[in-house]
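What follows is one structure encoded as structure tokens, with my remarks underneath.
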Amino acid sequence: MKRESSARIGDAAARWAARIDRAPLELQEQAELDAWLASDTRCPGAFMRARAALLRMDAARALGPDFAPQAPRLNFSRRNVIAGSGGFLAASLGAFLLWPRSQIYRTETGEVRLIPLDDGSIATLNTQSEMEVLFTREKRLVRLIRGEGYFEVAKDKARPFIVSAMDAEVRAVGTAFTVRTLPSRAVDVRVQEGIVEVAKPAHANQAVRMAANMEARIGDDADRISPVAITPDNVQRDLLWREGRLSFESETLANAVAEFNRYNRTAIILADEDIGKRHVTGLFSATDPQGFAQAIALSMDLSARSNEKQIVIESR
Amino acid sequence: MTDISDDRAFWLQRHILPHEGSLRAWLSRRVHIGFDIDDVIQEAYSRLVMLETVSQITNPRAYLFQTAHSIILQDLRRSRIVPIGSIHEIGALELEASDPLPDQLVDERMELEQVAAAIEALPHRCREVFMLRKVQGLSQRDVAARLGLSESTVEKHVANGIGKLLDFFAHSGKWSARASRARKRDSRPHEKRK
């Protein structure tokens, strides 16, 4: 039998609650209600939830007979207001701009920021990141100064979209990809959609093409760029940071901890190196190092001690 | 089955409904693609309804969270959804790792404001019905007579209103999911001349 949707169950529950609110049920109706309640494990919950909502409104008696409801309030969320004024600001600036001018965007620890660019592209900056954006008539230039960015590029054949980071340059027309600077001064590029060209500016003639679901690491050690294929699952999992989540699949604890420390002021410290070699798999909230440390401690039989500044994971 | 009592409905509205918004926020932070949060909520209420007694529950909020959590684990085991990686390994641990806040007594004044705001958010006709039924305390039959509507129309407005109220309670006000998800958006782009 097809599973009923929660929305339909919710509607039926509201109808029954309203029916009971009108008058006691007839015998026949009682039987129907019983049958419905038994039809799905969610039904009794939905039914009582609806009755609870109705009961809660009994508190309205306390509003008194003089209560005059106002028309529903207009819902100007703060976000809309900010977006609105931002758009206005951008428009007036646009008219003012006579020569190209770059903008710097940065994120704080734990902050993930969605940045709509003038051409319709969207950049999402991960924690502790910084980028400079400069659009000219011929090119759309983004310099990733540090950290990580995910770029969803609007198609514009006449103006390539170029992200440069350290010793790497990624060129796209219309596509989506991630660029991340690593502590080792290497740059990691992952392509989620479409095709990009990756090159070191010093060797621009040796550009390498990368398609969706490929990754390349560009460091100053190797002179050839060799992209490798990665599974689409991995690509999607990687992007969970945009929703404030971190996902690890058989990652070493040392790497997982380093990843967490990018997002939080409270540093996680591993008491000894051996602990760091263990493997961790799971999905975590990026801004909850405490929860992560305790989950790790519980699953690996370690202990997690914490104070305001740090969390130490050590052997029991 | 329908000895589901009024007492339990009263207990739910007093101790569970006010925490539903934060449960939803909590779930949306921890629960993964493919899960229907509404399913989990309905199942959770079902379990609370099926309990023999609720008198032993000293912290309803924590109990609610715990219940939702165990439902998710059960669903994962039944594999009705496809988890990313092996969340279930970690899912078992996560709750212990993040105790929900202790039960907060719902502030009476806030409660009243919430109820008033909920009425105000109803569509026009529905609002009239609720005003008479809940603020004036008339029966549905008297409401029908007062508004010159049939009883079944009034009942439909009540049913419709319940749905709207539940949405309202689930997604707004003091127990808002939105508020706890709010992110820092302070820094405006710094401008620099090239």
Side-chain angles (χ1 to χ4, degrees), chain A residues 6-7 9-11 14-15 17-19 21-22 30 33-34 37-38 41-42 44-46 48-63 65 67 69-70 72-73 82 100-106 108 111 134 237 244 247-249 281-283 285 288 291 294-295 298-299, chain B residues 1-2 4 8-10 12-13 16-17 29-30 32 36 38-39 42-50 84-87 89-90 93-94 96-98 111-112 115-116 119-121 127 130-131 134-137 140 151 155 158-159 162-163 165-166 169 183-185 187 189-194:
Chain A
S6 53
I9 288 181
D11 289 346
R15 282 197 302 274
R19 169 63 192 85
D21 183 61
R22 175 159 71 85
Q30 182 70 55
L33 173 58
D34 286 348
L37 285 170
T41 55
R42 292 166 294 171
M48 288 297 271
R49 181 170 171 260
R51 293 190 60 197
L54 202 51
L55 262 179
R56 189 168 186 203
M57 299 314 285
D58 284 350
R61 281 307 282 272
L63 292 168
F67 170 68
Q70 293 157 7
R73 298 157 193 178
I82 290 174
R101 181 191 285 238
S102 75
Q103 285 199 316
I104 301 257
Y105 300 87
R106 38 179 99 85
E108 306 290 328
E111 185 185 9
L134 174 68
R237 186 176 300 131
S247 170
F248 305 116
E249 175 92 11
T281 291
L283 188 60
S285 163
D288 183 14
Q294 293 192 16
L298 274 164
S299 63
Chain B
M1 196 86 183
T2 37
I4 295 178
R8 191 59 56 86
F10 185 81
L12 289 171
Q13 69 88 17
I16 298 298
L17 204 53
R29 264 179 278 126
R30 282 175 172 70
H32 326 295
D36 181 354
D38 289 319
D39 274 350
Q42 286 176 350
E43 293 272 6
Y45 276 88
S46 279
R47 293 205 186 175
L48 293 169
V49 169
M50 297 306 177
I84 305 168
S86 39
I87 309 162
E89 286 171 22
I90 233 67
L93 308 162
E94 219 175 275
E96 295 169 71
S98 54
E111 170 75 9
L112 200 56
V115 164
I119 292 180
E120 284 169 359
R127 191 163 71 227
F130 269 81
M131 284 289 289
K134 292 297 187 181
V135 182
Q136 313 277 342
Q140 282 195 25
E151 278 190 57
E155 188 186 313
V158 172
I162 290 172
L165 291 171
L166 283 169
F169 292 141
R183 264 192 195 137
K184 281 194 296 184
R185 289 195 184 271
S187 48
H190 306 270
E191 274 210 51
K192 186 172 105 179
R193 222 167 245 197
K194 193 73 178 184

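We name chains A, B, ... by the order of the sequence lines, and we start the count at 1 in each one.
Qualifying side chain to side chain donor-acceptor pair (under 3.5 Å) partners for B:Q140, counting only residues two or more places apart in sequence or in other chains: A:D21. For A:R15, there are no side chain to side chain donor-acceptor pair (under 3.5 Å) partners, not counting sequence neighbours.
Top candidate by heavy-atom pairs under 4.5 Å with chain A, chosen from B:V135, B:L165, B:L12, B:V115, is B:V135. Of the residues considered (A:G45, A:A46, A:A7), A:G45 shows the highest number of contacts with chain B, using heavy-atom pairs under 4.5 Å. With respect to chain A, the highest number of heavy-atom pairs below 4.5 Å among B:V158, B:D38, B:I162 belongs to B:I162.
Scanning both residues, B:A159 and A:A14, for their nearest heavy atoms gives O-CB, 3.5 Å. Nearest approach of A:P44 to B:V49, heavy atoms of both residues: O-CG2, 4.0 Å.
Contact of the A:L63 side chain with the B:K134 side chain is not registered, since no non-hydrogen atoms from C-beta on lie closer than 4.5 Å.
Put simply, the side chain of B:E155 never gets that close to the backbone of A:R22: no donor and acceptor are under 3.5 Å apart.
Distance check, rounded to the nearest 0.5 Å: CG of A:L54 to CD of B:Q13 gives 10.5 Å. In this structure, the separation between CG on B:D36 and CZ on A:R42 is 7.5 Å, given to the nearest 0.5 Å. Here the OH atom belonging to B:Y45 is positioned 14.0 Å from the CZ atom belonging to A:R51, to the nearest 0.5 angstrom.
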